[in-house]
Protein chains: 2
Amino acid sequence: MKRYDQVAQTLTQRIEQGQYRVGDRLPSVRTLCAELGVSVSTVQEAYRRLEEAGLAEARPRSGYYVLPRPTPSLLPKVSRPAQRPLDVSQWDQVLELVARSPDEDRLLMLGRGIPDLAAASLRPLQRQLGTLHRHVAAHGLNYDSLQGSLALRRQVVRLAAKSGCLLHPDDVLITTGCQEALSLALRTLTEPGDVVAVDSPSFYGTMQILKAQKLKALEIPTDPRTGISLEALELALEQWPIKAIQITPTCNNPLGYTMPEARKHALVALAQRFDVAIVEDDIYGDLSFEAPRPRTLKSFDDDGRVLLCSAFSKTLVPGLRVGWMAPGRYRDQALHMKYVSTGASATLPQLAVAEFVQHGHYERHLREMLRQYRRHRDIMIDWVTRYFPAGTGVSFPQGGFLLWLELPGDIDCVRLKEQLASEGLHITPGSLFSASGKFRHCLRLNYAAAMTPTVEAGIKRVGEAVAALLEQEQPA
Amino acid sequence: MKRYDQVAQTLTQRIEQGQYRVGDRLPSVRTLCAELGVSVSTVQEAYRRLEEAGLAEARPRSGYYVLPRPTPSLLPKVSRPAQRPLDVSQWDQVLELVARSPDEDRLLMLGRGIPDLAAASLRPLQRQLGTLHRHVAAHGLNYDSLQGSLALRRQVVRLAAKSGCLLHPDDVLITTGCQEALSLALRTLTEPGDVVAVDSPSFYGTMQILKAQKLKALEIPTDPRTGISLEALELALEQWPIKAIQITPTCNNPLGYTMPEARKHALVALAQRFDVAIVEDDIYGDLSFEAPRPRTLKSFDDDGRVLLCSAFSKTLVPGLRVGWMAPGRYRDQALHMKYVSTGASATLPQLAVAEFVQHGHYERHLREMLRQYRRHRDIMIDWVTRYFPAGTGVSFPQGGFLLWLELPGDIDCVRLKEQLASEGLHITPGSLFSASGKFRHCLRLNYAAAMTPTVEAGIKRVGEAVAALLEQEQPA
Ligand SMILES: Cc1ncc(COP(=O)(O)O)c(C=O)c1O
Ligand SMILES: Cc1ncc(COP(=O)(O)O)c(C=O)c1O
């Protein structure tokens with residue numbers, strides 16, 4: 001065992017034994033050097049390991065702090081999906097969710113995938129929306145170029161560099177949200193009847209693309225800490241004629257994990273070996289609590305087989321529908337698909353986002369949001385721990401604003417949702433995230449916006465409802 | 001012959017003999033009653049016939065005026081496309097057109113499908129874009145409902161009533177431009193390998209959808225005054241397994257005709273007889289020079305087989321990408337396709353358009369534009385007549401802002417386009433409007449924006465270039 005690994009282990013044990021508690025400042029590098037008789041670089045490396053393991057975080061000019069950590073027994077279980085390609089169902093459930101009109105909705109939405117839209121650091125975006133149409137004159141009302149505004153593509157290139165991607169503006173295609181990017185990618189790669197491997201649980205929007213394109217989903221077992229099982233994926237690649245792998249490896253929706261870098265690298269190598277394409281959804285990637293943000297699969301891609309899809313829907317606002325993709329070697333086909341899908345994307349929203357990013361507002365907003373979302377994550381986990389029955393599995397998100405719960409017993413969250421709706425509460429059942437409606441005993445919660453007493457009361461009420469259902473389950 | 005037909009004939013002869021000239025006010029109803037000894041209602045009916053024939057127009061509180069009329073010999077010929085289903089090509093040509101960035105373009109664009117974006121009557125829209133984001137607070141930044149904003153759907157219903165369609169807001173689905181509506185419609189109706197019948201020439205955007213979906217285009221002979229040949233269509237329906245008819249029957253792009261109402265009715269009946277669906281593109285319909293505007297095919301549809309597609313891209317501005325569809329009995333499938341294609345459409349553009357329409361700005365803007373476009377049409381036809389070689393066929397648009405030219409001899413407009421680009425002029429060759437690159441001797445011109453001396457000089461230069469090519473063609 002390397003020296004720094006020993007130091008890391010010592011610190012881990014102290015944390016686990018409660019010597020250092022959540023939120024505590026860990027000893028300074030100098031103190032530890034003296035105590036353990038090791039070099040500065042060894043302690044520094046040991047702290048880096050702790051960070052990677054999600055045990056501690058560095059705060060600039062302050063030191064290392066202990067992070068809250070899920071008790072391993074409370075994590076959701078590794079998923080065990082069907083071991084064969086399936087047709088996707090669940091559209092009724094998804095439709096119910098996406099048909100809602102936000103201005104008319106009177107329910108307390110506890111589970112939608114929406115960021116905090118009331119953030120003060122978004123104000124410059126609203127200002128730009130208000131003034132742009134004057135500055136840009138007629139061309140802001142005209143068709144944009146099919147690839148999208150060059151000003152925005154330049155900013156996308158700059159941001160993508162932070163995830164290890166070296167792109168040129170010509171490699172980037174602006175889309176109408178990440179949903180369009182995913183749709184173009186899958187339509188480019190597949191024909192009806194083809195098999196696509198996905199992580200499980202998996203974002204319902206992509207699952208519904210598979211349904212619409214008459215593709216089959218092969219759901220791969222997924223670990224709530226490290227993501228898709230490479231071992232299971234490899235077996236599947238040997239067994240089935242898989243055309244593409246679709247996956248959200250960073251700040252996964254709904255599980256919140258980030259695949260460790262080595263596993264990302266191995267995944268790309270696996271795709272190369274079996275010559276399949278990867279559709280990488282990175283929509284939450286910039287919301288990673290790690291700094292610098294984790295690398296994308298795309299950053300390991302040296303032969304253009306990764307189609308990277310993203311959007312500003314979760315980092316900024318979803319209603320502008322500004323997304324993008326870097327389709328690698330599939331650029332020409334993706335461009336054709338883009339044209340027939342919606343033509344050029346809307347002009348003014350692109351220009352507003354480009355300005356926002358260019359003037360540094362994006363990075364400032366991210367900093368605010370990351371601080372907020374991390375704090376909210378810990379509060380939400382705390383509430384769930386308090387208000388939900390023992391045995392409830394809880395994810396430990398590495399970024400983003402979504403929490404995944406696995407309820408004990410045989411709770412049916414689709415029925416629970418209907419029951420709670422009559423009380424003014426809306427939850428998102430886990431079954432949306434499965435091709436065949438599995439994960440009915442799971443649900444997704446959102447902790448993006450203000451954690452008000454109303455939200456707390458809502459969470460408490462959901463927990464009580466779950467407990468009541470559990471009790472009914474017990475044989476009398 | 002009915003009495004009013006006789007009166008209409010008399011008036012037609014007088015116009016043709018030059019007794020009444022273009023722009024002249026025709027005799028008042030009372031004067032004609034006295035002169036011809038017929039009833040008021042007979043004269044009124046006769047004038048209605050003249051209007052329908054495109055010979056005269058009514059101006060409110062003023063009377064009837066003689067309209068300019070194409071010399072029949074100058075009209076483009078009825079198209080004679082291939083008589084079998086074809087794969088669509090021409091993507092390179094289309095890409096070249098749609099990849100252009102309007103803000104960087106230094107060419108004088110003489111042929112793109114763009115309305116006048118400098119119109120004063122558009123200003124309220126810009127104002128709304130500037131202020132809306134404040135009024136609507138966070139929900140303007142949020143996902144809209146999948147069907148689209150109810151406020152906008154209500155306005156669409158109101159406008160659609162003017163084309164004879166009785167819709168309910170639930171029948172309407174807001175899309176990201178008409179392109180998305182067409183794409184959803186065709187993806188809903190067909191599977192790869194299916195045959196779709198289209199008018200010919202036909203809008204290249206739809207043709208490229210056929211290509212992307214691996215559909216085959218069966219181009220039907222089309223008359224530049226009355227539209228798709230019902231006789232040829234009927235034969236085709238007997239001979240081929242046609243899954244859908246895709247057609248732009250009102251203010252056709254590129255030919256400018258409006259199918260007479262009786263033929264529209266007959267087309268819907270034909271589709272019923274052969275049990276095929278119709279994808280009706282009405283994007284230019286509200287720009288018809290007739291008042292009230294012509295009926296849609298959809299208005300004759302009593303069993304939900306017409307999927308009506310439209311957008312505010314030509315009547316207002318294209319860059320907001322606000323379109324809509326009324327998918328009839330295919331609503332559920334279209335909604336699913338919409339979700340997987342782009343999710344909900346952008347929120348603020350929908351709200352801006354809804355307000356614009358609701359406050360009466362839309363109808364005011366249309367009135368202005370119709371006056372302008374009709375005037376510009378006559379000017380453009382005049383320029384073409386003056387500056388192009390004899391034998392040039394010219395369409396006579398019944399609405400919209402696009403003119404179609406059929407050049408004499410064997411002119412290749414794709415090469416002509418390249419030659420003119422080096423002189424700073426951009427034209428749109430006819431070959432984009434054919435599955436297999438026919439109509440290379442045709443080109444499309446745009447007369448939407450100000451008819452400045454620069455535009456006139458551009459048109460003159462195109463005419464000269466055509467004449468020079470014609471001369472080269474002559475055997476020495
Ligand atoms: C993982 C993931 N991908 C894609 C999307 C769709 O993003 P957009 O709203 O930009 O289309 C979502 C939104 O819910 C998501 O969670
Ligand atoms: C006939 C026709 N249909 C559809 C479209 C596409 O419209 P939109 O820009 O709303 O997608 C156009 C635009 O060129 C068109 O001319």
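Proteins get letters first, then strands, A, B, ... in listed order; numbering begins at 1 in each. These numbers were taken from a predicted model, which means no experiment stands behind them.
If you measure heavy-atom distances from Gln213(A) to chain B, the contacts under 4.5 Å come from the side chain alone. Heavy atoms closer than 4.5 Å to chain B are found in both the backbone and the side chain of Ala99(A). Heavy atoms of Ile114(A) lying under 4.5 Å from chain B belong exclusively to its side chain. Of the atoms belonging to Gln333(A), not a single heavy atom falls under 4.5 Å from chain B. Using a 4.5 Å cut-off between heavy atoms, Ser313(A) contacts chain B through its side chain alone, with no backbone atom that close. Using a 4.5 Å cut-off between heavy atoms, Ile209(B) contacts chain A through both its backbone and its side chain. Both the backbone and the side chain of Leu335(A) come within contact range of chain B, with heavy atoms under 4.5 Å apart. Contacts of Val94(A) with chain B are made by side-chain atoms alone, with heavy-atom separations under 4.5 Å and no backbone atom involved. For a residue to count as touching a neighbouring chain, one of its non-hydrogen atoms must lie under 4.5 Å from one of that chain's; by this rule Gln208(A) touches chain B with backbone and side chain alike.
Using a 4.5 Å heavy-atom cutoff, the side chains of Arg187(B) and Arg187(A) are in contact.
When Gly343(A), Ser341(A), Ser149(A) are compared by the number of non-hydrogen pairs under 4.5 Å with chain B, Ser341(A) comes out ahead. The choice from His336(A), Gln147(A), Lys214(A) that makes the most heavy-atom pairs within less than 4.5 Å of chain B is His336(A). Interface check for chain A: of the options Leu316(B), Thr176(B), Asp332(B), the most heavy-atom pairs under 4.5 Å are formed by Thr176(B). Counting heavy-atom pairs closer than 4.5 Å to chain A, the top residue among Thr206(B), Leu182(B), Val317(B) is Val317(B).
Scanning all heavy atoms of the two residues, the minimum distance from Arg112(B) to Tyr143(A) falls at NH2-CD1, 3.8 Å. Contact between Ala212(B) and Met337(A) at its shortest, heavy atoms only, is O-CE, 3.8 Å. Residue Arg321(A) comes nearest to Thr342(B) through the heavy atom pair NH2-O, 2.8 Å, listed as atom of the first residue, atom of the second, then distance. The two residues Leu141(A) and Pro318(B) make their nearest non-hydrogen contact at O-CD, 3.3 Å.
A distance of 9.0 Å separates CD in Gln126(B) from CG in Leu348(A), rounded to the nearest 0.5 Å.
Between the side chain of Ser101(A) and the backbone N or O of Ser145(B) there is no donor-acceptor pair closer than 3.5 Å. Side chain of Ser183(B) to main chain of Val340(A): a donor-acceptor pair is present (N/O by atom type, distance under 3.5 Å, no hydrogens or angles).
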